Amino acid sequence: MTIKIKYKKYWRKTSLKQEGVGDFFLSHIEKIKPKNFLEIGIFHGVTSRNVCDLLFSIHGDNFKFTGIDLFLTESEISKDEHFPKIGFSNPLKTLYYKYIIRLEPYSIESVEKLLRKYKKNINIIKGNSNKILKEISLDDVDYVFLDGGHKYETVLSDLKNLEKVVENNGIILCDDYDLTYAPGVKKAIDEYVLLNNFNLKILKSRFAEITKNST
Ligand SMILES: C[S@@+](CC[C@H](N)C(=O)[O-])C[C@H]1O[C@@H](n2cnc3c(N)ncnc32)[C@H](O)[C@@H]1O
């Protein structure tokens with residue numbers, strides 16, 4: 001399958017950095033063609049930007065993208081949240097963000113800047129998914145990329161809050177299923193699908209796709 005958009009890194013950090021993983025992810029979205037996308041855990045906003053580029057190429061202006069992230073400072077991040085390293089290993093990137101554009105890439109301002117082309121379509125929310133998911137409307141959400149907190153309790157709580165999306169025939173795609181250093185992700189997903197009798201498909205040995213059981 002030829003995909004409309006190739007995954008780009010926008011000179012930032014992203015979860016989907018391994019060769020082929022970003023393109024696989026975009027091809028999955030391209031098949032589903034969601035119109036109301038939710039990403040939990042947006043970090044530098046690279047995946048968010050790629051998703052908006054793709055949805056724009058499919059639907060023109062007729063799509064919505066919501067992103068939620070804690071946007072913590074380094075000192076606020078607890079060790080057991082399996083938090084990605086904020087700093088760049090490439091010193092040129094550090095200099096670029098610190099002295100040239102003077103923007104911390106892991107911040108709501110920087111993500112909004114990266115997504116400014118889609119200003120009318122996006123809603124970027126700073127906060128904890130455990131709380132925000134109870135406050136926003138999930139009625140029209142048809143695709144969730146769950147890549148926020150990786151602790152068992154956080155993943156389970158997010159999944160429980162997203163039950164309506166699956167019940168409405170939407171999809172939840174979880175990243176990092178079966179990650180050795182974050183076993184809580186798999187544990188929460190396995191328990192959740194069993195409890196709700198949802199379908200679970202593992203894709204590319206890392207994504208867990210959760211859908212409603214049609215039988
Ligand atoms: C692995 S990164 C996300 C990477 C991003 N999806 C990408 O593709 O590049 C995880 C993000 O989840 C956020 N996060 C962790 N726990 C969270 C929570 N409870 N609510 C909202 N965001 C959370 C962190 O701040 C971090 O930016």
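The structure presented is a predicted model; accordingly, all values stated were derived computationally and were not measured. Atoms within each ligand, like the ligands themselves, are counted from 1 in listed order.
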Query - Option passing side chain to side chain contact (heavy atoms under 4.5 Å, CB included) with Tyr7 (candidates Thr14, Val21, Leu54) - result: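 That would be Thr14; it is the only one of Thr14, Val21, Leu54 passing the side chain to side chain contact (heavy atoms under 4.5 Å, CB included) with Tyr7.
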Query raised in the report: Is there a donor-acceptor contact under 3.5 Å linking the side chains of Asn50 and Tyr10?
Result: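 The answer is no; no qualifying pair exists.
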For ligand 1, which is the ligand I care about here, please tell me if [X] has any N or O atom under 3.5 Å from one of the ligand's N or O atoms.
X	value
Thr47	yes
Phe145	no
His150	no
Ile40	no
Lys13	no
Asp147	yes

Regarding [atom]: of the candidates [options], which has the closest heavy atom?
atom	options	value
atom 15 (C) of ligand 1	Ser129, Gly149, Ser157, Gly22	Gly149
atom 19 (N) of ligand 1	Val155, Asn128, Asp175	Asn128
atom 5 (C) of ligand 1	Gly127, Gly148, Gly45, Gly41	Gly41

Would [X] and [Y] pass as an ion pair if we require N to O under 4.0 Å?
X	Y	answer
Asp23	Lys6	yes
Lys35	Asp142	no
Asp176	Arg206	yes
Glu191	Lys187	yes

Query raised in the report: Shortest non-hydrogen contact from His59 to Lys33?
Result: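 Answer, listing the atom of His59 first, then Lys33: NE2-O, 3.3 Å.
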Distance filter under 4.0 Å to [X] heavy atoms, resulting ligand 1 atoms:
X	result
Glu39	5 (C), 6 (N), 8 (O)
Phe43	2 (S), 3 (C), 4 (C), 27 (O)
Thr14	7 (C), 8 (O), 9 (O)

Report task. Just do the ring-ring contact (aromatic ring centres under 6.0 Å, His included) check on Phe43 and Tyr106 with the steps written out, would you? Result -> CA-CA 6 Å; Phe43 196 41; Tyr106 170 62; 5.5 Å; yes
Requested in this report: Sort out for me which residue in Phe63, Tyr118, Tyr143, Phe56 forms a ring-ring contact (aromatic ring centres under 6.0 Å, His included) with Phe37.
Outcome: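 For Phe37, the ring-ring contact (aromatic ring centres under 6.0 Å, His included) test succeeds with only one of Phe63, Tyr118, Tyr143, Phe56, which is Tyr143.
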Query raised in the report: So Val51 and Leu55, side chain to side chain contact (heavy atoms under 4.5 Å, CB included) or not? Walk me through it.
Result: CA-CA 6 Å; Val51 168; Leu55 296 183; 3.8 Å; yes
Looking at ligand 1, does [X] have a heavy atom less than 4.0 Å from it?
X	answer
Val46	no
Ser48	no
His44	no
Asn130	no
Asp69	yes

Query raised in the report: Does Lys160 NZ have over 12 foreign heavy atoms under 6.0 Å away?
Result: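 Open.
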